[in-house]
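Below: the structure, in structure tokens.
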Amino acid sequence: MQTFSKYFTNDIIDSKQKLKPLILITDFENKLVLALSQDSEQIYDNNGNMIDFITCIDKVSNIKISNDYDSKTLKINRLRCTLYNYYDVNTKLSEYINNNFINHNMYLYYKSPTTNIINLDGSGGDYDCALVYNGAISRIVHNEKNIQITAEDKTELQISDKTVPYMSIDKLPTDIE
């Protein structure tokens with residue numbers, strides 16, 4: 001079960017609250033490369049430094065988290081987002097976001113009216129925005145108007161070295177059981 005900050009939890013009690021998506025892209029060492037939002041926001045990191053956001057988010061897909069234990073299949077959770085392809089009057093955002101961002105970390109946070117802090121290091125505070133997705137960018141496609149980014153969660157990487165039991169427990173020797 002996901003835990004949220006104190007004030008985010010208080011904000012989502014009212015079903016009419018508008019939550020705003022915030023996307024952070026970090027490099028392999030988890031250093032912030034890009035911060036994207038729908039509106040201009042005043043968001044701070046856990047050290048009190050203001051994060052500069054580019055207002056370019058058009059749409060963010062729903063995130064469906066599911067596990068299928070019965071059929072023993074791995075479901076990789078995907079996040080898709082569409083960005084407007086503009087940075088300023090003279091520059092396209094696609095000049096910054098390109099295939100060099102493949103495998104970079106992508107975080108999706110939701111900001112409520114009283115939350116304004118993003119903690120990339122995992123430490124919690126009362127005013128933290130809710131982290132709802134963490135994955136790696138797997139695909140970037142762009143045209144003149146839009147940039148589409150697809151990220152996949154890291155489930156496959158986390159369980160790739162695990163051995164899956166191939167027998168039921170009643171067929172195992174008693175010392176292993």
Side-chain angles (χ1 to χ4, degrees), residues 2-64 77-153:
Q2 190 137 17
T3 57
F4 300 118
S5 67
K6 175 182 174 182
Y7 291 108
F8 186 85
T9 304
N10 290 343
D11 285 345
I12 61 174
I13 291 172
D14 183 9
S15 62
K16 296 177 184 171
Q17 285 292 359
K18 182 162 170 106
L19 301 177
K20 297 178 182 178
L22 305 171
I23 295 174
L24 274 67
I25 298 174
T26 65
D27 62 9
F28 304 109
E29 296 171 356
N30 223 23
K31 293 181 183 172
L32 184 62
V33 177
L34 279 176
L36 313 167
S37 69
Q38 283 183 327
D39 302 319
S40 61
E41 303 289 343
Q42 288 191 344
I43 306 292
Y44 302 91
D45 64 11
N46 52 339
N47 296 324
N49 302 317
M50 185 184 252
I51 300 172
D52 292 325
F53 279 87
I54 301 170
T55 57
C56 64
I57 296 177
D58 180 20
K59 301 186 266 194
V60 176
S61 69
N62 292 334
I63 302 167
K64 182 179 178 186
N77 302 307
R78 287 189 176 92
L79 172 69
R80 292 181 178 95
C81 67
T82 304
L83 310 175
Y84 296 114
N85 191 8
Y86 64 83
Y87 185 73
D88 59 28
V89 177
N90 299 323
T91 312
K92 295 276 189 188
L93 190 58
S94 58
E95 293 177 24
Y96 296 102
I97 299 177
N98 52 37
N99 287 333
N100 294 336
F101 279 67
I102 300 291
N103 291 328
H104 277 55
N105 297 319
M106 185 165 140
Y107 297 91
L108 173 65
Y109 287 87
Y110 275 105
K111 181 199 179 315
S112 68
T114 55
T115 57
N116 64 350
I117 295 175
I118 290 184
N119 280 314
L120 281 173
D121 63 3
S123 62
D126 290 342
Y127 292 95
D128 288 352
C129 296
L131 174 62
V132 294
Y133 187 83
N134 175 10
I137 295 174
S138 62
R139 184 176 182 194
I140 299 172
V141 178
H142 65 85
N143 58 30
E144 281 297 310
K145 294 183 180 182
N146 295 319
I147 299 172
Q148 295 177 345
I149 299 176
T150 303
E152 296 179 351
D153 70 3

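Everything quoted here is computed from the prediction, not taken from an experiment.
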Roughly how far apart are Asp27 CG and Leu32 CG, rounded to 0.5 Å?
9.0 Å
From CG (Asn99) to NE2 (His142), nearest 0.5 Å
7.0 Å
Begin from the C-alpha positions of Asn119 and Tyr127 and carry the test side-chain hydrogen bond (donor to acceptor under 3.5 Å, both in side chains) through to its verdict.
CA-CA 10 Å; Asn119 280 314; Tyr127 292 95; over 6 Å; no
Under a 4.5 Å cut-off applied to non-hydrogen side-chain atoms, are Leu79 and Tyr107 in contact?
no
Heavy-atom side-chain proximity of Thr150 to Ile137 below 4.5 angstrom:
no
Has Tyr133 got a side-chain atom pairing as donor or acceptor with Asn77's backbone, closer than 3.5 angstrom?
yes
Can you see which heavy atom on Cys129 is nearest to which on Tyr110, and at what distance?
CB-O, 3.4 Å
Any side-chain to backbone donor/acceptor pair from Asn47 onto Asn49? Under 3.5 Å, distance only.
no
Can you check whether Leu83 reaches Ile149 side chain to side chain, under 4.5 Å on heavy atoms?
yes
Heavy atoms, side chains only, cut-off 4.5 Å: are Phe53 and Asp39 in contact?
no
Got a second to check how far Lys111's NZ is from Ile43's CD1, nearest 0.5 Å?
5.0 Å
Any side-chain heavy-atom pair from Val60 and Ile23 closer than 4.5 angstrom?
yes
Looking at every non-hydrogen atom in both residues, tell me the closest pair between Tyr86 and Thr55 and how far apart they are.
OH-O, 3.1 Å
Would you say Asp126 and Ser5 are linked by a side-chain donor-acceptor pair, where the criterion is simply a distance under 3.5 Å?
no
Does Thr82 form a side-chain hydrogen bond (donor to acceptor under 3.5 Å, both in side chains) with Asn146? I'd like the steps, not just the answer.
CA-CA 7 Å; Thr82 304; Asn146 295 319; over 6 Å; no
If we count only N and O atoms by modelled type, under 3.5 Å, do the side chains of Asn116 and Tyr7 hold a donor and an acceptor together?
no
How far does CD1 of Ile97 sit from CD1 of Ile147, to the nearest 0.5 angstrom?
4.5 Å
For Asn85 and Lys92, work out which heavy atoms get closest and say how close.
O-CD, 3.2 Å
Does a side-chain heavy-atom distance below 4.5 Å link Phe101 with Leu34?
yes
Interatomic spacing from CD in Gln42 to CG in Asp52 - rounded to 0.5 Å
11.0 Å
With the side chain counted from C-beta on, respond yes when Ile54 and Ser37 share a heavy-atom pair under 4.5 Å apart, and no when they do not.
no
How long is the straight-line distance from OG of Ser61 back to CD of Gln148, given to the nearest 0.5 Å?
11.0 Å
Within the side chain of Asp11, is there an N or O that forms a donor-acceptor pair under 3.5 Å with the backbone of Thr114?
yes
Of the non-hydrogen atoms in Lys145 and Asn143, which two are nearest, and what is the gap between them?
N-OD1, 2.8 Å
Looking at Val132, Leu24, Ile117, Thr115, which hits side chain to side chain contact (heavy atoms under 4.5 Å, CB included) with Tyr109?
Leu24
Provide the closest heavy-atom pair for Cys56 versus Leu36 in the form atom of the first, atom of the second, distance.
SG-CD2, 3.6 Å
Do the non-hydrogen side-chain atoms of Leu22 and Leu108 ever get within less than 4.5 Å of each other?
no
For the residue pair Tyr96 and Thr91, what are the closest heavy atoms and their distance?
CE1-CG2, 3.6 Å
